[in-house]
Colleague: 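One structure follows; several queries about it will come next.
Numbering of residues begins at 1 and proceeds along the displayed sequence. Atoms within each ligand, like the ligands themselves, are counted from 1 in listed order.
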Amino acid sequence: MSPPRPYVGRFAPTPSGYLHFGSLVAALASFLDARAVGGRWLLRMEDLDPPREMPGAQDTILRTLDTYGLHWDGPVERQSTRHAAYAAAVDRLLAQGLAYACRCSRKQLEGQLIYPGTCRDRQHPREDAAIRLRVPDAEYAFFDRVQGRFAQNLARDVGDFIIQRRDGLYAYQLAVVLDDAWQGITDVVRGADLLDSTPRQLYLQALLGLPQPRYLHIPLLLQPDGHKLGKSYRSPPLPPERAPAELLRALRALGQRPPAELEGARPEAMLAWAIAHWQAAAIPHCLGLSEAFVR
Ligand code: GLU
């Protein structure tokens, strides 16, 4: 057996909005999990979809991470610079017959939760078409460090999914597996909203011969009304002057028990304590409708 690879983690924000409290919790978990074992922590801007990008969001996200003491290693990588790698993978999957061109319009697919496979055997040319990956009627399962075993049958639960949109933009599922492998990521720590994307990513990793990282999906924070705390709320950026208070709140949301003396401490001091005392096993499986962590 080969020796375990040294830990490399990452935070991969999409600049469609500012960093909100939910994404701070995800960033913090991934940072602490890496630093607690002396690992590297990389930053990747998932700027795949320019029309949905919020002007200024990239800079604001980076500035917020910095003021909150979440310093990353190496340069910021941007998915907007990685199109050649994505295109090569799409070409390869098409050439192997593992993907196909799909001409179905949104209207045609209205009301269908799972793609019915209309274009599977139509041999459309790839111009002016989306590219879909053919999925097998097979279960893809993995062991999540917080959520436990998670499995999906790709044909039944997901269906043939898009890896390149008709307008040419590459899909998150494709880009994320290529970039995690390219950056040598050993551990993916992210929000549980991506739990049900993971089996698709495992399948792509298998097809492309890429290593499979370990996964830890942290529970989603819900608003008191049951809604996910997220970008749809157009959350304002996290205020720099509230860094100590927000970090403490985020640590508590992750089941960590920062001592009272840390109240009001500088972010770096707080993070030094958190790295030394990080307990991934204390992360709650589910935060439910807890009001403790929302403003
Ligand atoms: N870019 C994704 C987001 O901001 C995260 C992707 C990932 O961690 O795999 O929700």
Colleague: Answer with side chain, backbone, both or neither: which part of His217 has a heavy atom less than 4.0 angstrom from an atom of ligand 1?
Modeller: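 Neither part.
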Colleague: For Glu46, take its heavy atoms, then give the atoms of ligand 1 lying under 4.0 Å from any of them.
Modeller: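 Contacts of ligand 1 toward Glu46, numbered from 1: 1 (N), 2 (C), 5 (C), 6 (C).
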Colleague: Which atoms of ligand 1 sit under 4.0 Å from any heavy atom of Ala12?
Modeller: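 Under 4.0 Å from Ala12, ligand 1 has these atoms: 1 (N), 2 (C), 3 (C), 4 (O), 5 (C), 6 (C).
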Colleague: Can you sort out which atoms of ligand 1 are near Arg10, meaning under 4.0 Å from one of its heavy atoms?
Modeller: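 Here the atoms of ligand 1 in question are 7 (C), 8 (O), 9 (O).
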Colleague: Can you tell me how the ring of Trp273 sits relative to the ring of His277, calling it parallel under 30°, perpendicular over 60° and tilted otherwise?
Modeller: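 Judged by the thresholds at 30° and 60°, the geometry between Trp273 and His277 is parallel.
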Colleague: Would you tell me whether Gln173 and Gln201 have side-chain atoms, one donor and one acceptor, within less than 3.5 Å of each other?
Modeller: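 Yes, because at least one side-chain N or O of Gln173 sits under 3.5 Å from a partner of the opposite role on Gln201.
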Colleague: Which ligand 1 atoms, with their elements, are less than 4.0 angstrom from a heavy-atom of Arg190?
Modeller: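 Result: 7 (C), 8 (O), 9 (O).
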Colleague: Measuring centre to centre across the rings, with the benzene-like ring taken for any Trp, is Tyr100 within less than 6.0 Å of His124?
Modeller: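 No: the rings miss the under 6.0 Å criterion.
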Colleague: Is Tyr172 close enough to touch ligand 1? Criterion: a residue heavy atom under 4.0 Å from a ligand atom.
Modeller: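 A heavy atom of Tyr172 does come that close to ligand 1.
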Colleague: Taking heavy atoms and a distance under 4.0 Å, where does Val176 meet ligand 1: side chain, backbone, both or neither?
Modeller: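 Under 4.0 Å from ligand 1, Val176 contributes side-chain atoms alone.
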Colleague: For Ala29, does its backbone N or O pair with a side-chain atom of Asp33 as donor and acceptor, under 3.5 Å?
Modeller: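 Judged by distance alone, no pair lies under 3.5 Å.
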Colleague: Is it the case that the ring center of Tyr215 lies less than 6.0 angstrom away from the ring center of Phe142?
Modeller: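 Close enough - the centres of the two rings lie under 6.0 Å apart.
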Colleague: For ligand 1, note which part of Leu194 has a heavy atom under 4.0 Å away: side chain, backbone, both or neither.
Modeller: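 For Leu194, the contact with ligand 1 is made by the side chain alone.
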Colleague: To the nearest 0.5 Å, what is the distance between OG on Ser23 and CG on Leu238?
Modeller: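 These two atoms lie 7.0 Å from each other.
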